[in-house]
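Notes to accompany the following structure.
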Amino acid sequence: MLKVVIAGVSGRMGHALLDGVFSDNGLQLHAALDRAESAMIGRDAGEQFGKVSGVKITADIHAALVGADVLVDFTRPEASMQYLQACQQANVKLVIGTTGFSEAEKASIEAASKNIGIVFAPNMSVGVTLLINLVEQAARVLNEGYDIEVVEMHHRHKVDAPSGTALRLGEAAAKGIDKALKDCAVYAREGVTGEREAGTIGFATLRGGDVVGDHTVVLAGVGERVELTHKASSRATFAQGALRAAKFLADKPKGLFDMRDVLGFEK
Ligand code: NAD
């Protein structure tokens, strides 16, 4: 049985992950982590589901990792960096679902993957993984005279913008037109006047209510436009993907992988 540590258990994704682990016979909840200030520290991880799991929520990262196989992290970048360090020291594999990393933090994740197996993906759903492939393909075909816009909407509590998924879709579109995202991105159109520059990728962010995650990539040409859309209606889709990623890492002692590797999609 795969011994899983969940980080950020009191959060929205933590809740969905616990639900996923409790209902999978191949997975065992080894430890449950959250920040020291969380009101849930010391409580049983099963409490939210009306059950006793025998695992108390803790902030002690090092103790939680003793004897563990894999840590699944859906928290904040500053916490993820601590888990990254600790997992390397304890030789525990890592699934990173957290978003909003700086370029330097992403470089640290890549460096750590020389020592441990890591799946790092801003969106763990099967549908978005497919969408990434479709966007790259669409941008490759519509590579002349089409403007690309990435539109995303999430619930009002989301802290990073544009979403990690929107940025990943922008990267896929940029790859399709043989460019790097940094060479063609227009991050904030708000307040920008004048004509649109050719070959740019725009991002628009909407926030409100309880939207789990909507993403649309628009490829707009003269006389037509193509729109590719994904809408998540439940966090269970991300949790299932993350737990599948945890299992995928079982025989990967080191290396950096994304959901396309996990799902066996062509890259
Ligand atoms: P949330 O705010 O509901 O939960 C965050 C959890 O992290 C909480 O339990 C909080 O106590 C904990 N936390 C925050 N700061 C911490 C710290 N410094 N140390 C330890 N723990 C800390 O957020 P959420 O909606 O569950 O999302 C969490 C992250 O996952 C976000 O970055 C979000 O964008 C990302 N996310 C990714 C995917 C994906 O498929 N990859 C899907 C949904 C959300």
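Here the structure is a predicted model, which means the values were calculated and not measured.
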(request) Check step by step if side chain to side chain contact (heavy atoms under 4.5 Å, CB included) holds for Thr58 and Leu33. (result) CA-CA 5 Å; Thr58 176; Leu33 282 164; 4.0 Å; yes

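- Residues Arg35 and Arg76 form no side-chain contact, since every pair of their non-hydrogen atoms from C-beta on lies 4.5 Å or further apart.
- Between Arg207 and Glu152, at least one side-chain nitrogen of the basic residue sits less than 4.0 Å from a carboxylate oxygen of the acidic one, meeting the salt-bridge criterion.
- Connection of Phe248 to Ile109 is not established within any shared hydrophobic cluster, with ILVMFWY side chains joined at heavy-atom distances below 4.5 Å, either directly or through further cluster members.
- For Glu47, the CD atom counts as densely surrounded, since its 6.0 Å shell holds more than 12 non-hydrogen atoms of other residues, nucleotides or ligands.
- Under a hydrophobic clustering in which Ile, Leu, Val, Met, Phe, Trp and Tyr are joined whenever their side-chain heavy atoms come within less than 4.5 Å, directly or via other members, Val262 and Val128 fall into the same cluster.
- Contact record, Met81 with Ser108: SD-CB, 4.1 Å, taken as the closest heavy-atom pair.
- Counting all heavy atoms, side chain and backbone alike, Ala245 lies closest to Met259 at CB-SD, 4.3 Å.
- Applying the side-chain hydrogen bond (donor to acceptor under 3.5 Å, both in side chains) definition to pairs two or more places apart or across chains, none involves residues 230-241.
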(request) Take Asp60 and His62 through the side chain to side chain contact (heavy atoms under 4.5 Å, CB included) test and state the conclusion after the steps. (result) CA-CA 6 Å; Asp60 186 340; His62 296 284; 4.1 Å; yes

(request) Could you give me the CA-CA distance, side-chain angles and deciding distance for Leu18 and Leu29, then say whether side chain to side chain contact (heavy atoms under 4.5 Å, CB included) is met? (result) CA-CA 8 Å; Leu18 277 177; Leu29 182 66; 3.7 Å; yes

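- Side-chain N/O atoms of Ser163 and His215 include a donor and acceptor closer than 3.5 Å.
- Val92 is not connected to Val72 by any chain of hydrophobic side-chain contacts under 4.5 Å among Ile, Leu, Val, Met, Phe, Trp and Tyr, and they are in different clusters.
- The neighbour count for Glu227 CD, taken as heavy atoms of other residues, nucleotides or ligands under 6.0 Å away, is above 12.
- A salt bridge is defined here as a Lys NZ or Arg NE, NH1 or NH2 lying under 4.0 Å from an Asp or Glu carboxylate O, and Lys182 with Glu103 fails to meet this definition.
- A donor-acceptor distance shorter than 3.5 angstrom exists from the side chain of Lys93 to the backbone of Ala250, with no hydrogens or angles considered.
- Leu256 CG to Lys106 NZ: the interatomic distance, rounded to the nearest 0.5 Å, is 11.5 Å.
- By the ring pair (Phe, Tyr, Trp, His ring centres under 6.0 Å) test, Tyr146 pairs with no residue at all, sequence neighbours left out.
- Atom CG of Leu94 sits about 12.0 Å away from atom CG of Asn115, to the nearest 0.5 Å.
- Rounding to the nearest 0.5 Å gives a distance of 11.5 Å between CG of Asp258 and CG of Asn123.
- The side chain to side chain donor-acceptor pair (under 3.5 Å) search around Thr75 returns Asp73, not counting sequence neighbours.
- Asp183 CG to Asp178 CG: the interatomic distance, rounded to the nearest 0.5 Å, is 12.0 Å.
- Annotation: side chain of Phe257 is in contact with side chain of Leu249 (closest heavy-atom distance under 4.5 Å).
- With contacts defined as side-chain heavy-atom distances shorter than 4.5 Å, the pair Leu65/Leu71 qualifies.
- Side-chain N or O atoms of Asp44 include one that pairs as donor or acceptor with a backbone N or O of Ser53 at under 3.5 Å.
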N/O donor to acceptor pairs below 3.5 angstrom from side-chain atoms of residues 129-140, sequence neighbours left out:
| unit_1 | atom_1 | unit_2 | atom_2 | d |
| --- | --- | --- | --- | --- |
| Thr129 | OG1 | Ser125 | O | 2.7 |
| Asn133 | OD1 | Arg260 | NH1 | 2.5 |
| Asn133 | ND2 | Glu266 | O | 3.1 |
| Glu136 | OE2 | Arg140 | NH2 | 3.2 |

Taking only distance into account, with no hydrogens and no angle test, what donor-acceptor pairs under 3.5 Å do side-chain atoms of residues 3-17 form with protein atoms, sequence neighbours excluded?
| unit_1 | atom_1 | unit_2 | atom_2 | d |
| --- | --- | --- | --- | --- |
| Ser10 | OG | Asp34 | OD2 | 2.3 |
| Ser10 | OG | Ser38 | OG | 3.2 |

(message) Walk me through whether Leu84 and Ile118 qualify under side chain to side chain contact (heavy atoms under 4.5 Å, CB included).
(response) CA-CA 9 Å; Leu84 189 70; Ile118 300 178; 3.9 Å; yes

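- Pairs of residues two or more places apart, or lying in two chains, that qualify as ring pair (Phe, Tyr, Trp, His ring centres under 6.0 Å) and include a residue from residues 63-102 are Phe101-Phe120.
- Sorted by first and then second residue, the side-chain hydrogen bond (donor to acceptor under 3.5 Å, both in side chains) pairs with a member in residues 243-253 read Asp24-Lys247; sequence neighbours excluded.
- Every residue two or more places apart in sequence or in another chain was checked for a side chain to side chain donor-acceptor pair (under 3.5 Å) with Asp214, and none qualifies.
- Met124 and Val21 fall within the same hydrophobic cluster, where Ile, Leu, Val, Met, Phe, Trp and Tyr residues are linked whenever their side-chain heavy atoms come under 4.5 Å apart, directly or through other members.
- With sequence neighbours left out, Phe22 forms a ring pair (Phe, Tyr, Trp, His ring centres under 6.0 Å) with Phe49.
- Side-chain atoms of His30 come within 3.5 Å of backbone N or O of Val66 as a donor-acceptor pair.
- Taking CD1 of Ile148 as the reference point, atom CG of Asn143 lies at 9.0 Å (rounded to 0.5 Å).
- Considering CD of Gln88 and OG of Ser113, their distance stands at 9.0 Å, rounded to 0.5 Å.
- There is a path of hydrophobic side-chain contacts, each under 4.5 Å, that joins Val55 to Val70.
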When the side chains of residues 168-175 are checked against the rest of the protein, which donor-acceptor pairs come out under 3.5 Å, sequence neighbours left out?
none

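- Contacts of Ser102 classified as side chain to side chain donor-acceptor pair (under 3.5 Å), with partners at least two apart in sequence or in another chain: Glu105.
- Other residues sharing a hydrophobic cluster with Met1 under the 4.5 Å side-chain heavy-atom criterion for ILVMFWY residues do not exist; the residue is a singleton.
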